[in-house]
Asker: 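Next up is a structure, given as C-alpha cells.
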Number of protein chains: 2
Amino acid sequence: MTTRSSAEAARDIPEATVARLPVYLRALTTLAEAGTSTCSSEDLASAAGVNSAKLRKDLSYLGSYGTRGVGYDVDYLRYQIAREIGVTQDWPVVIVGIGNLGHALANFSGFRSRGFRVVALLDADATRTGEEVAGVRVRPFDDLEDIVGEHGVAIGVIATPAVAAQDVADRMVGCGISSILNFAPTVLSVPAGVDVRKVDLSIELQILAYHEQRKAQGETA
Amino acid sequence: MTTRSSAEAARDIPEATVARLPVYLRALTTLAEAGTSTCSSEDLASAAGVNSAKLRKDLSYLGSYGTRGVGYDVDYLRYQIAREIGVTQDWPVVIVGIGNLGHALANFSGFRSRGFRVVALLDADATRTGEEVAGVRVRPFDDLEDIVGEHGVAIGVIATPAVAAQDVADRMVGCGISSILNFAPTVLSVPAGVDVRKVDLSIELQILAYHEQRKAQGETA
DNA sequence: TCCATTTTGTTCTCTCGTTCACAAACTCCT
DNA sequence: AGGAGTTTGTGAACGAGAGAACAAAATGGA
Ligand SMILES: NC(=O)c1ccc[n+]([C@@H]2O[C@H](COP(=O)([O-])OP(=O)(O)OC[C@H]3O[C@@H](n4cnc5c(N)ncnc54)[C@H](O)[C@@H]3O)[C@@H](O)[C@H]2O)c1
Ligand SMILES: NC(=O)c1ccc[n+]([C@@H]2O[C@H](COP(=O)([O-])OP(=O)(O)OC[C@H]3O[C@@H](n4cnc5c(N)ncnc54)[C@H](O)[C@@H]3O)[C@@H](O)[C@H]2O)c1
C-alpha cells in the first residue's frame with residue numbers, strides 16, 4: 001500500500017500545498033484577466049501572498065510546468081492546477097439550511113465560476129419550501145436522498161443551526177455524500193472516508209482576539 | 001528579545017494550539033450546559049474532536065488547571081481558557097459591506113454570545129444606509145474613522161466584493177484597526193503588526209474537490 | 001559557438017506540530 | 001497507613017512544513 005502502480009505518477013501532495021493551490025489558481029486567473037501571458041515564480045508568489053521558494057516547491061509536486069530562465073505560462077499552469085484540484089469538471093453541490101446564511105450562500109456567485117453547481121437548496125421548515133433563491137427552488141429536506149441519487153452529488157454544505165448539524169450530516173453520509181462543508185459551530189463525527197471541513201466565524205474572531213490581547217499587553221507592560 | 005521579563009509568565013502558546021482553544025471552549029460550554037461539572041481529558045478531547053494527548057499538551061501551555069486522577073473542573077477550565085483567549089472582555093467589531101453575506105453576519109447570534117459586540121454596520125452604497133439590520137442601523141462607510149475612534153474598535157470584518165477589499169482594509173488600518181477578518185476572495189496586504197484571517201468558501205470547496213477526485217480515482221484504478 | 005544572465009526545480013537544514021509513553025500526583029478502598 | 005487504580009503533565013521521538021541556497025536548464029547577445 002505504500003508504493004503506487006508504476007503507470008500512475010507518484011502523486012502525494014502535502015495537505016498544506018493542497019490548501020494553497022486554489023490561491024494560486026485565483027492569482028493566475030487575476031493575472032490572465034490583466035493580460036499577462038507569462039509570469040515568474042516571484043510574480044505569482046507576490047500575487048498569492050506567499051514567498052517564491054514555497055510557491056516553487058508547491059508547484060514541483062505537480063510536475064515541471066515552468067521553463068528555467070523564463071517562468072510559467074499563465075494559461076497552461078492554470079489549467080494544470082485546475083486539473084490537479086479537479087475543478088475542470090463541474091461538481092454538483094447541495095445546500096441544507098436556507099436561513100440567513102443559506103440565502104447568502106445560494107446567492108454566492110463564486111460557486112458557479114469555480115467549478116461547482118448548486119443543484120438543490122433544502123430546508124426542513126415547510127414554510128420555506130417553494131421559495132425561489134437565486135433561481136433555485138427550496139425543497140423539503142426529505143428530498144435529499146432522491147436529489148443526491150439523481151445528480152450524483154458528492155459534496156454537501158450544512159448551514160443549519162448547530163443542534164441539527166449532526167443529523168443532517170448523518171443523512172448526507174447515509175445517501176453517499178463523502179465531502180461536507182460545515183458552517184454550524186459544532187464538531188461533526190463521520191465515518192472514515194468522509195471529509196469534513198468547517199468554516200467557523202466565532203473561532204476566527206477568537207483567534208484574532210487572542211493576538212489582539214497580546215498586542216495590548218505588550219503596550220502596557 | 002528572546003527572553004521575557006521574570007514577572008510575566010513565559011507565555012508562548014503555539015499558533016496551532018491557539019486555533020484549538022476556541023474549540024475546547026465551546027466543548028466545555030456544551031458540557032456545562034449538559035450539567036457536567038468535571039471531565040477527563042479523554043471526555044473533553046472526544047467532545048472537541050481531537051485526541052487526548054494533544055488536548056493535554058495544549059492545556060499544559062496555559063498552566064496546570066487539572067487534577068491528576070480526577071480530571072478538569074469544567075467551569076474553572078472554561079474561565080481559564082476564556083481569559084487566555086481574551087473573551088472575558090467584550091470586543092467591539094465593525095462589519096463593512098452589508099450585502100448578502102453582511103446581512104447574514106449582522107444577524108449572526110454567535111457574535112454576542114462569544115465576547116464580541118457589533119458596534120457598526122457600514123456600506124458605501126447610499127441606498128443601503130439607514131436600513132436597520134438586527135437592531136443596528138447601516139451607516140455610510142465614511143463614518144468608519146469616527147466610529148473606530150469613538151468605540152476603540154480593534155477588529156474589523158470585510159464582506160465587500162473582492163475589488164473593494166484592499167481599499168477597505170487600508171482605511172481600516174489607517175484608523176487603527178489591527179485585526180481583520182476577510183470574507184472577500186482576495187489577498188490583502190497590510191503592514192506588519194496587523195493580523196488578517198480569511199474565510200474563503202471557494203477554497204474550502206476546492207480542497208474538498210481535490211480529495212473527492214482522488215477517492216474517485218482510487219475506485220476506478 | 002560560448003559566455004553571461006535569468007529563473008526553475010530540488011536538496012538540505014531548521015522549526016513547528018503531533019504522538020507516544022510514563023513518572024508524578026491524586027482518590028478511594030481496605 | 002498503605003496499596004491499587006486513575007488521570008494529568010511532560011520529555012522524547014517522530015513527522016510535516018518552511019525557507020535558504022544552489023545546481024541545472026533555458027535564453028540571448030557577442
Ligand atoms: N449567519 C451567519 O453569518 C453565520 C455565520 C457563521 C455561522 N453561522 C452558522 O450557520 C448556521 C445557520 O445560520 P443562520 O443564521 O442561517 O441560521 P437560521 O436560523 O437563519 O437558518 C437555519 C435554517 O436551517 C433550517 N433547519 C433547521 N433544522 C434543519 C434540519 N434538521 N434540516 C434542514 N434544515 C434545517 C431552518 O429551517 C432555517 O431555515 C448556524 O449554525 C450558525 O451558527 C451563521
Ligand atoms: N454570499 C456568500 O455566501 C459569500 C460567501 C463567501 C464569500 N463571499 C464574498 O463576500 C463578499 C460579499 O458577498 P455578498 O454576496 O454579500 O456581495 P454583495 O454584492 O451582496 O454585497 C457587497 C456589499 O458591499 C458594499 N460595498 C461595495 N464596495 C464597498 C466599499 N468600497 N466600501 C463599503 N462597502 C462596499 C456594496 O454596497 C454591497 O452592499 C464578496 O467578496 C463575496 O465574494 C460571499
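Here is how names work: the chains are called A, B, and so on, in the same order as the sequence lines, proteins then strands, and each is numbered from 1.
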Asker: For the helix from C:dT1-D:dA30 to C:dT30-D:dA1, how many degrees between its two end axes (five pairs per end), to the nearest 10°?
Answerer: 10°
Asker: Any side-chain heavy atom of A:Gln166 sitting closer than 4.5 Å to one from A:Thr186?
Answerer: no
Asker: Among A:Arg83, A:Arg78, A:Glu84, which residue meets the side chain to side chain donor-acceptor pair (under 3.5 Å) test with A:Gln80?
Answerer: A:Arg83
Asker: Please tell me which of B:Ala16 and B:Thr67 maps to the more 5' nucleotide of DNA chain C, matching each residue to the nucleotide holding its nearest heavy atom.
Answerer: B:Ala16
Asker: Between C:dT27, D:dA18, C:dT18, which nucleotide has the shortest distance from any of its atoms to the side chain of B:Val70?
Answerer: C:dT27
Asker: How many Å lie between CG on B:Asp58 and P on D:dG9, as a whole number?
Answerer: 12 Å
Asker: Determine whether a donor-acceptor pair (one donor, one acceptor, N or O, separation below 3.5 Å) exists between the side chain of A:Lys57 and the base of D:dG19.
Answerer: yes
Asker: Run A:Ile98 and A:His103 through side chain to side chain contact (heavy atoms under 4.5 Å, CB included) and show every step you take.
Answerer: CA-CA 6 Å; A:Ile98 313 302; A:His103 273 84; 3.8 Å; yes
Asker: Is the distance from OP1 or OP2 of C:dA21 to the nearest side-chain N or O of B:Arg56 less than 4.0 Å?
Answerer: no
Asker: At less than 4.0 Å, is any side-chain N or O atom of B:Tyr72 found next to OP1 or OP2 of D:dG9? Yes or no.
Answerer: yes
Asker: Would you please name every residue forming a side chain to side chain contact (heavy atoms under 4.5 Å, CB included) with A:Thr17, sequence neighbours left out?
Answerer: A:Ile13, A:Pro14, A:Arg20, A:Leu21, A:Asp58, A:Tyr61
Asker: When you measure from the side-chain N and O atoms of B:Asn51 to the phosphate of C:dT19, is any distance below 4.0 Å, counting only OP1 and OP2?
Answerer: yes
Asker: Below 4.0 angstrom, which residues in residues 32-50 of chain B have at least one non-hydrogen atom near DNA chain D?
Answerer: B:Ser40, B:Ser41
Asker: Which of the following nucleotides, D:dT10, C:dT18, D:dA26, is nearest to the side chain of B:Lys54?
Answerer: C:dT18
Asker: Between A:Lys57, A:Arg56, A:Lys54, which is the residue that forms a side chain to side chain donor-acceptor pair (under 3.5 Å) with A:Ser41?
Answerer: A:Arg56
Asker: Looking at every heavy atom in both A:Ile203 and B:Pro22, which two are closest together, and how far apart are they?
Answerer: CG1-CB, 3.8 Å
